[in-house]
K.L.:
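Encoded as structure tokens, here's the structure I'll be asking about.
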Amino acid sequence: MAVIAGNWKMHRGPAETRAFFEALRIEGVPEQHELLVFPPVISLVAAAGARPARVRLGVQNIHWEDEGAFTGEVSASMALEVGAEFALIGHSERRHVFGETDEQVAWKAGTAVRHGLVPVVCLGETLAERRAGRVDEVILRQLDAVLPELAVASRSMIAYEPVWAIGTGEHATPRDASSAHATLRRRLAEALGAGPAGRVPLLYGGSVKPTNAGELLAAEEVDGVLVGGASLDPAEFVAIASAAS
Ligand code: 13P
């Protein structure tokens, strides 16, 4: 079983969202794979009305508070109300463009869990951190910040997305992805036990395309992929899902 998730980022309004689902042909994708789409929040209602039952929806970001004077923000319960079941938490662009801290990421993860949204916590190192040999240190720091929240979640996922691989066309090698995932897996097993709590699916993200999805999905400890650009095209999304064995 693999998780194939599409993060549309700031692409696709409601009309384009409906067109995407009209064009999506998932009949050939083996039933055991889980298909998730994270449209912009403004398109969630359209997505909920147009999606096939097998494609489940998530929100790209939530605020950590339940409500309040937070202009431009969206709460977990609002996202649930319009059909989101999952929430991306701490995506690289939230951390690096909007300055989200590990602490805020943890608050958001906790809020998602409390409301019954499945948190998909994103983490990963920058190129400078990789060159300095600090991959494990950075991703474990980011993971440790959310472990107390994951410990009480009935379900959660982690997406390892090295910052240098996002939107660059340069993906991690299957070996590098496996190595980072093995580091995360060990810490999850230590902290949450080897049972289901410790078996949090680990997704890889960063320039996943139909041409590299097969080898990345076949890599050790890679349980799925979080796809940006290629998930905007229904045929590419299906080709990536079909590459999972
Ligand atoms: P790309 O697939 O466009 O590199 O984006 C990856 C990503 O950030 C998914 O969340």
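Just so you know, ligand 1 is whichever comes first in the structure, and atom 1 is the first atom listed for that ligand. These values consider heavy atoms only, across backbone and side chains, with no hydrogens, waters or symmetry-generated copies.
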K.L.:
Looking at R186 and D136, is any side-chain nitrogen of the basic one under 4.0 Å from a carboxylate oxygen of the acidic one?
P.N.:
no

K.L.:
Scan residues 161-170 for pairs that pass side-chain hydrogen bond (donor to acceptor under 3.5 Å, both in side chains), counting only residues two or more places apart or in two chains.
P.N.:
H91-E161, E125-W164

K.L.:
May I ask whether A165 places a heavy atom under 4.0 Å from ligand 1?
P.N.:
yes

K.L.:
Aromatic rings F38 and F86: how do their planes relate, parallel, tilted or perpendicular, breaks at 30° and 60°?
P.N.:
perpendicular

K.L.:
Please lay out, stage by stage, how D66 and H115 fare under the test side chain to side chain donor-acceptor pair (under 3.5 Å).
P.N.:
CA-CA 9 Å; D66 289 350; H115 284 272; 2.9 Å; yes

K.L.:
Considering heavy atoms of the protein only, find what lies nearest to atom 4 (O) of ligand 1 and give residue, atom and distance to 0.1 Å.
P.N.:
G167 N, 2.6 Å

K.L.:
N/O to N/O below 3.5 Å, does that happen between G229 and ligand 1?
P.N.:
yes

K.L.:
Does the salt bridge (Lys or Arg N to Asp or Glu O under 4.0 Å) test come out yes or no for E34 and R155, once each step is laid out?
P.N.:
CA-CA 14 Å; E34 188 163 12; R155 196 171 176 217; 2.6 Å; yes

K.L.:
Among protein heavy atoms, which lies nearest atom 7 (C) of ligand 1, and at what distance?
P.N.:
E161 OE2, 3.2 Å

K.L.:
Under 4.0 Å from any heavy atom of L226, which atoms of ligand 1 are there?
P.N.:
9 (C), 10 (O)

K.L.:
Is the F20 ring parallel, tilted or perpendicular to the W8 ring (thresholds 30°, 60°)?
P.N.:
perpendicular

K.L.:
Run the salt-bridge test on K209 and E215 with the 4.0 Å N-O cut-off and return the result as yes or no.
P.N.:
no

K.L.:
Using a 4.0 Å heavy-atom cut-off, which part of N7 comes near ligand 1: side chain, backbone, both, or neither?
P.N.:
side chain

K.L.:
Short N/O distance, under 3.5 Å, between H91 and ligand 1?
P.N.:
yes

K.L.:
What I want to know is whether G228 and ligand 1 share at least one N or O pair that is separated by under 3.5 angstrom.
P.N.:
yes

K.L.:
Should the pair R95-E100 be classified as a salt bridge under the 4.0 Å nitrogen-to-oxygen rule?
P.N.:
no

K.L.:
Pull out every atom of ligand 1 sitting under 4.0 Å from any heavy atom of K9, numbered as shown with elements.
P.N.:
5 (O), 6 (C), 7 (C), 8 (O)

K.L.:
Could a heavy atom of S207 be found less than 4.0 Å from some atom of ligand 1?
P.N.:
yes

K.L.:
Is there a polar contact between ligand 1 and T168, counting only N or O atoms under 3.5 Å apart?
P.N.:
no

K.L.:
Is there a polar contact, in the sense of an N or O pair closer than 3.5 Å, between E93 and ligand 1?
P.N.:
no

